[in-house]
Amino acid sequence: MATLPRLKTKRVFDCGCGRSGITMNNNGHLNYNHTMPPISHLHLNLTALCTEGRLKESLQILLTTHNLPVDSNTYLQLLHTCIANNALSQGKKFHSLITHRRFEFATHTFFQNTLINLYVKCGSLVDARKVFDGMPERDGCSWNAMIAAYRRDGYPQNALILFHEMQRTGVQPDEFTFASILPACAKIGALDQGMDIHKSLIKNGLMLNVVVVSALVDMYAKCGSIRKARELFDKMSQRDAVSWNAMIGGYAQNGALDEALRLFKEMPRRNVVSWTTMIAGYAQNGVLDEALRLFKEMPQRNVVSWNAIIAGYAQNGVLDEALRLFEEMPQRNVASWNAMIAGYAQNGFVEKATETLKQMQVAGVMPNSTTFASILPACAKVRALQQGMDIHQSIMDSEFSSDVVVGSALVDMYAKCGSMQKAQEVFDKMSQRDEVSWNAMIAGYAQNGVLNEALRLFKEMPRRDVVSWNTMIAIYAQKGALNEALGFFKEMPQRNVVSWNAMLAGYAQNGILVKALRFFEEMPQRDVVSWNAMIAGYAQNGLGEKALETFKQMKLSGIKPNSTTFAGILPACAKMGALELGMDIHQSIIERGLISDVVVASALVDMYAKCGSIQKAHRVFDKISQRDAVSWNAMIAGYAMHGSRKDALRLFELMKDSGTNPDHVSFLCVLFACSHAGLVDEGCKYFNGMSGSYSIMPVMDHYACMVDLLSRAGYLLEALIFIIKMTIKPAVIVWMCLLGACRSHKNIEIGVFTTTLLFELDPKNVAPYVLLSNIYAEMGRWGDVQKVRRLMKDKGIKKIPGCSWIEVNKIVHVFCVGDRSHPQTQEVYAKLEELSEEMRAAGYSPDSKHVLNDVEEEEKELFLCHHSEKLAIAFGLLNTSPGTAIRVVKNLRVCVACHTATKLISKIVAREIVVRDANRFHHFEQGQCSCGDYW
DNA sequence: TTAGGGTTAG
């Protein structure tokens, strides 16, 4: 019997499948359970070099000596040394040498399994697969090694495919196979396959195996079947730490943190995984203080514990704290860096993300597929094509150039950056494509407006998943083609919450709120996106109260609002002037840590400005660290609405100095400010500069603003000429601006001309009728007023009723013209009566011309008009304490009579009255209005 | 077999 080489470990001859091919008895003799070539005399020199890990020299000896009596055992040991040293390239050289010398043992299953093990351990799945595919015969170990490798390296799909193939070829899976395949099912949420495996386990009598059953518990928990997991867990006759941790993790990841904590406390011997599971659970659910408390409390921490807490802060956008912990941690691995990079990337800080990637490389940590796959979407999001291309280059230089996840992320990045050509190029070159790659291409073509190509790819793709179908629904729903979207929705084999949300959002965005609500009510489960879609749908379609009501219900149902919720609800507050509610929401935003979100902060600025509190708006605006054009525009528009043209224009200059380029909205705000201040020359200057210096081509709204600017200032003829000279066909809004000014400047000729034009352009539009009627009324031409009213009646055109809102104690009260539905109606009308007496006593006699005058479209009583804002003001006077300001919002413009009356009321009751009409703010104080009677 | 980091759809 030959002497054995000194074996470092007992499992030196393990072929890597979990079952050792050779075992050693107590005398150092070998027992074989695998087909093994016989062991001959070892070459001592070679062995020594090999055990010392001196692979280069070993290889040199082998290459230069052909007749060295080296047996298969030595080669095996060489390969194992490569495995231990992670020496892929040396391993490959030995492999090729063995192949070339055509050793008989090289074709043996055991030896080939070792080769698979070599490649798997050295991270080259492609080479492992090549060996696997070339094997004349495979045993359970071969399959197990390959399956385990796929699942561990993040290819659970491939593991499952191989698992089915294994069974087809008649090889029986064993406990090792199951212990690998169950986590693969868990990873991709393959509950059905997991349940099949459960059946096989029962059949194979493996239900007492604690390892396998723990994996089964984990699978059920991860696939969302938490009850099934618990049932199994409770039935286990023996549980180890893994079983407990799997169960705890199941509850934690399903958001059932209380139950997770109960089990955690009940668990006999908690280990570092148990603690880390709880920390991760709290962190992922946004309960960062609890996560940190446990992190500080835990007896021992490892790199995973640190990573969990850091990722928690990073994912929740608390990046400074994440960075502090990252810098503090004793050692970092690739996942630590990835957590930071993903945190920056997901929160929109592309520069920070790429900077961290560079630091990581400097620190000698190689990026992996996760690094690339998390940084690319950040480039995609902000359309940073150049940075995306740089990362593409790094990927090509790395070993992840053929990783399917990285490839898909690349496709998506190019598609979102608008470069479909590059996306297609990457897609074509991919050695393996999955559903994600196809879906990214489909969405890319759709987002870039090439719908037929998207549809073609959808039809062509080999396996469509729920995302593919959802993409198609979204494409058509967003375009307003809701019947087509519904077609996909009905045809798809399985729907999830996203499918329902896509339909619901489609209806909501297109103003079909009844259908949106039906989907919302019928859907099997609702998440934060469903609620957001409903809220935004209501808010965008002028149903602010419904939006607010839905927001309340959402909170009652236990769904936590996110930044999209706030960005959706704030415009509703803004529209209704619900300042107190808006302030409550501001508080919630701070509590949820979302104040640093620039979209949310800009919506807050807008809300405060539109609710009349320009100071609060400015305070929020001042604190925005990364202002974008939207934030600046909200603030500029705020000043413009409040008639502070100086501030508006000053801010516009500041914006340019700060390096934020004005966009077309910025110019609209500036033109609006000029127009409301009668600054004709300045307005013209800005209008010309916009295309000249900023290459922003005027769109219809800009033209309308210019017509407003000119005609408001009395330059009606110039405005008309301006319209005629427009390079695009003037839309209704443009003519409406001109007509509005015809009323205030009493120009009947242009007024009639414009009205006639508008009757043809937009026969259903009520506004021109009302304006024309008002022009006649101003001039005392009552016969003509009657004619217009008759014409409206004949054509069945109805006025939009004037409505005003006032918020008292966080409740918004609505008053329509002549409204008598409010519980306090009697008091309100009595108050108005009282006020009119006081006005009379103060010498105010309403001019019959003004009483009949109707800026847009309200009915009224002859002497004292009951326009909606008057009702709201009276209500405010009754229900607020003396001295406080009264804030009212109106959907139409304030009429002359009400404007005059409100000035007087403000003096009589010594109150500040703030009225926001369809156009701007009026601050009434001591008988004066901030608009200077120019509105 | 359990804990941390990733790609597509709303």
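All values below come from the heavy atoms of this structure, side chains included, with hydrogens, waters and symmetry mates left out. The chains referred to below are lettered A, B, ... by the order of the sequence lines, with proteins before strands, and numbering in each begins at 1. No experiment lies behind these values; they were computed from the predicted model shown.
- Atom C1' of nucleotide dG5(B) and atom CG of Leu357(A) are separated by 14 Å, given to the nearest angstrom.
- If you check every strand for non-hydrogen atoms under 4.0 Å, Ser214(A) touches a base.
- Here dT2(B) is the nucleotide among dT2(B), dG6(B), dG5(B) with the atom lying nearest to any side-chain atom of Lys222(A).
- Ion pairing between Arg230(A) and Glu259(A) holds under the 4.0 Å rule for side-chain N and carboxylate O.
- For the pair Val303(A) and Ser336(A), the minimum side-chain heavy-atom distance is below 4.5 Å.
- Within 4.0 Å of Gln509(A), counting heavy atoms only, lies no atom of the nucleic acid at all.
- At the heavy-atom level, Asn333(A) lies under 4.0 Å from base atoms of the strands shown.
- Within the nucleic acid shown, Arg239(A) has no heavy atom closer than 4.0 Å to any nucleic acid atom.
- Using a 4.0 Å heavy-atom cutoff across all strands shown, Asn302(A) reaches at least one base atom of the nucleic acid.
- Between Phe326(A) and Trp306(A), the ring centre distance reaches or exceeds 6.0 Å.
- As rounded to whole Å, 18 Å separates atom P of dA9(B) from atom CG of Leu504(A).
- For Val436(A), the side-chain atoms get nearest to dT7(B) when compared with the rest of dA9(B), dT7(B), dG4(B).
- Gln315(A) comes within 4.0 angstrom of the backbone, heavy atoms only, and of no base.
- Within the nucleic acid shown, Val334(A) comes within 4.0 Å of at least one base atom, counting heavy atoms only.
- Nearest nucleotide to the side chain of Thr277(A), out of dG4(B), dG6(B), dA3(B): dA3(B).
- Ring planes of Phe488(A) and Tyr476(A): parallel class, angle under 30° (limits at 30 and 60°).
- Among the protein residues, Asn271(A) comes within range of no part of the nucleic acid, since none of its heavy atoms lies under 4.0 Å from any strand.
- In the set dT1(B), dG5(B), dG4(B), dT1(B) carries the atom at the smallest distance from any side-chain atom of Val242(A).
- A ring-centre distance under 6.0 Å is not found for Phe520(A) and Trp500(A).
- Residues Phe264(A) and Trp275(A) place their aromatic rings such that the two centres sit under 6.0 Å apart.
- Of the candidates dG6(B), dT2(B), dG4(B), dG6(B) carries the atom nearest the Thr370(A) side chain, counting heavy atoms from C-beta on.
- Checked against dG4(B), dT1(B), dA9(B), the side chain of Ala311(A) finds its nearest nucleotide in dG4(B).
- Within 4.0 Å of Thr471(A), counting heavy atoms only, lie sugar-phosphate atoms of the nucleic acid but no base atom.
- Distances from the side chain of Val273(A) to the nucleotides dG5(B), dT1(B), dA3(B) place dA3(B) closest.
- Base engagement by Val497(A) is indicated by at least one non-hydrogen atom pair under 4.0 Å involving a base atom.
- Within 4.0 Å (heavy atoms only), Ser369(A) reaches at least one base atom of the nucleic acid.
- The side chain of Val498(A) has dA9(B) as its nearest neighbour among dT7(B), dG4(B), dA9(B).
- Residue side chain Asn368(A) does not reach the base of dG6(B) through any donor-acceptor N/O pair under 3.5 Å, judged by distance alone.
- Within 4.0 Å of Val212(A), counting heavy atoms only, lies no atom of the nucleic acid at all.
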